[in-house]
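Accompanying notes for the structure given below.
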Amino acid sequence: MLPQFSQPLTPLSCLFQLTALLLLLLPSPAGAPPNDDAWLLEDETDAVTPYDDTLALIHTPPPKDLYRLVNRLRISADSLASGRVRVEQCHENLDPVPNLEIVYRPGRIDRIRIRSHSNIGRARVDGHSVQLQDIQRGARLCLSLSKRMTEGAHEGEYHLRHGPFYRRFLDGYYPMRMSFRLDYPADRATVSLINRGEIAGAGIRESAGKIEVDAHFAGKLTLTLQVSSDLVSDK
């Protein structure tokens, strides 16, 4: 499925894209297969100079109305056996568009549920997509879903790749904020942020059983984590 509007965009309109999970899809008759999920974000540009796709961390406080993607992941004892992680995801400060479609990849993402929404006329799950209508400025959408981790080379090892996240119009990348939290049972698993060096300068906090990342950035940002446990996978 591709994101489509119920009416043409004006010449001043633009489309932003994220992958997170988030992959840009422009409304057209054909397109590439979706990534983990796809998001059509805004209908007007920021009054800022665009960046290229190289990750650029921004060290000034983000504006209060800036688009923010919030992801909270939970690895449980069941996750260590099954390879599936529970995800709670919120999209905040969406700009208005008539219709919006979020598309998820079957097999890797499932059990999609709408937890809450505001300033959105209608929201519903349709298979592996979420359909939104009548989106007002400042809209917020929260979902829950299940994501499959990739098995590593060793028994009880998984790789969890979260992203890339980005916000794009034409050939330029624009600022956004991403907040990430992963909770896991510290007595049963160890989790390492493999690409810490690539995101040095972001707000990274680690403690027993928890990893948090908060980043104000432009370009593309990906989190790559390694999960290790002595529990045997049932996959």
To the nearest 0.5 Å, tell me how far [X] [atom1] sits from [Y] [atom2].
| X | Y | atom1 | atom2 | answer |
| --- | --- | --- | --- | --- |
| Cys90 | Arg140 | SG | CZ | 4.0 Å |
| Arg181 | Arg205 | CZ | CZ | 9.5 Å |
| Leu57 | Leu221 | CG | CG | 7.0 Å |
| Ile120 | Leu94 | CD1 | CG | 6.0 Å |
| Met178 | Thr222 | CE | OG1 | 9.0 Å |
| Lys220 | Glu198 | NZ | CD | 13.5 Å |

Tell me, which pairs form a disulfide (SG to SG under 2.5 Å) where one or both residues lie in residues 165-207, sequence neighbours left out?
->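 Pairs touching residues 165-207 that pass the test: none.
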Tell me the ring-ring contact (aromatic ring centres under 6.0 Å, His included) pairs involving residues 203-224, sequence neighbours left out?
->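 The answer is none; no pair qualifies.
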Pairs flagged by ring-ring contact (aromatic ring centres under 6.0 Å, His included) wherever residues 175-201 is involved - sequence neighbours left out = His162-Phe180
Partner set under side chain to side chain contact (heavy atoms under 4.5 Å, CB included) for [X], not counting sequence neighbours:
| X | answer |
| --- | --- |
| Ile194 | Thr224, Gln226 |
| Arg124 | Arg122, Asp126, Gln131 |
| Val227 | Ile75, Leu80, Met149, Tyr158, Val191 |

Between Arg177 and Asp214, does at least one N-O distance fall below 4.0 Å, as a salt bridge requires?
-> yes
Below 4.5 Å, heavy atoms only, C-beta onward: do Asn195 and Leu193 meet side chain to side chain?
->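 The answer is yes, as the side chains (C-beta and beyond) meet within the 4.5 Å cut-off.
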Only counting residues at least two apart or in another chain, list the ones meeting side-chain hydrogen bond (donor to acceptor under 3.5 Å, both in side chains) with Arg72.
->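 Partners of Arg72 by the side-chain hydrogen bond (donor to acceptor under 3.5 Å, both in side chains) criterion, ordered by chain and then number, come out as Asp183.
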With sequence neighbours excluded, tell me which residues meet side-chain hydrogen bond (donor to acceptor under 3.5 Å, both in side chains) with Ser228.
->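 With sequence neighbours excluded, Ser228 shows a side-chain hydrogen bond (donor to acceptor under 3.5 Å, both in side chains) to no residue whatsoever.
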Among residues two or more places apart or on two chains, list those pairs meeting salt bridge (Lys or Arg N to Asp or Glu O under 4.0 Å) that have a residue in residues 52-68.
-> Arg68-Glu92
How close do [X] and [Y] get, counting heavy atoms only, and between which atoms?
| X | Y | result |
| --- | --- | --- |
| Leu141 | Leu132 | CD2-CD1, 3.9 Å |
| Ala215 | Ala202 | CB-CB, 4.1 Å |
| Gly219 | Tyr173 | N-CB, 3.6 Å |
| Val125 | Gly127 | CG1-O, 3.7 Å |
| Arg167 | Leu66 | NH1-CD1, 3.4 Å |
| Ala186 | Gly209 | CB-N, 3.6 Å |

Name all residues meeting the salt bridge (Lys or Arg N to Asp or Glu O under 4.0 Å) criterion together with [X]; count only those two or more places apart in sequence or in a different chain, and write none if there are none.
| X | result |
| --- | --- |
| Arg74 | Glu88 |
| Glu157 | none |
| Asp134 | none |

Derivation of the side-chain contact (heavy atoms from CB on, under 4.5 Å) call for Arg161 and Thr150 | CA-CA 8 Å; Arg161 185 173 185 268; Thr150 303; over 6 Å; no
Which is it for Ser146 and Arg84 under the side chain to side chain donor-acceptor pair (under 3.5 Å) test, yes or no, and what are the steps along the way?
-> CA-CA 6 Å; Ser146 174; Arg84 303 204 71 91; 3.0 Å; yes
Under the side-chain contact (heavy atoms from CB on, under 4.5 Å) rule, what do Arg86 and Ser144 come out as? Steps first, then yes or no, please.
-> CA-CA 7 Å; Arg86 177 177 172 81; Ser144 65; 4.0 Å; yes
Backbone of Arg188 reached by a side-chain donor or acceptor of Ser229 within 3.5 Å |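 At least one qualifying donor-acceptor pair exists.
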Would you kindly confirm whether Ile204 and Leu223 end up in one hydrophobic cluster when ILVMFWY residues are joined by side chain heavy atoms under 4.5 Å apart?
-> yes
Do the side chains of Leu145 and Ile114 join up, straight or via other hydrophobic residues, at under 4.5 Å, putting them in one cluster?
-> yes
Could you check His91 against Leu69 for side-chain contact (heavy atoms from CB on, under 4.5 Å), going step by step and ending with a plain yes or no?
-> CA-CA 5 Å; His91 302 264; Leu69 176 65; 3.4 Å; yes
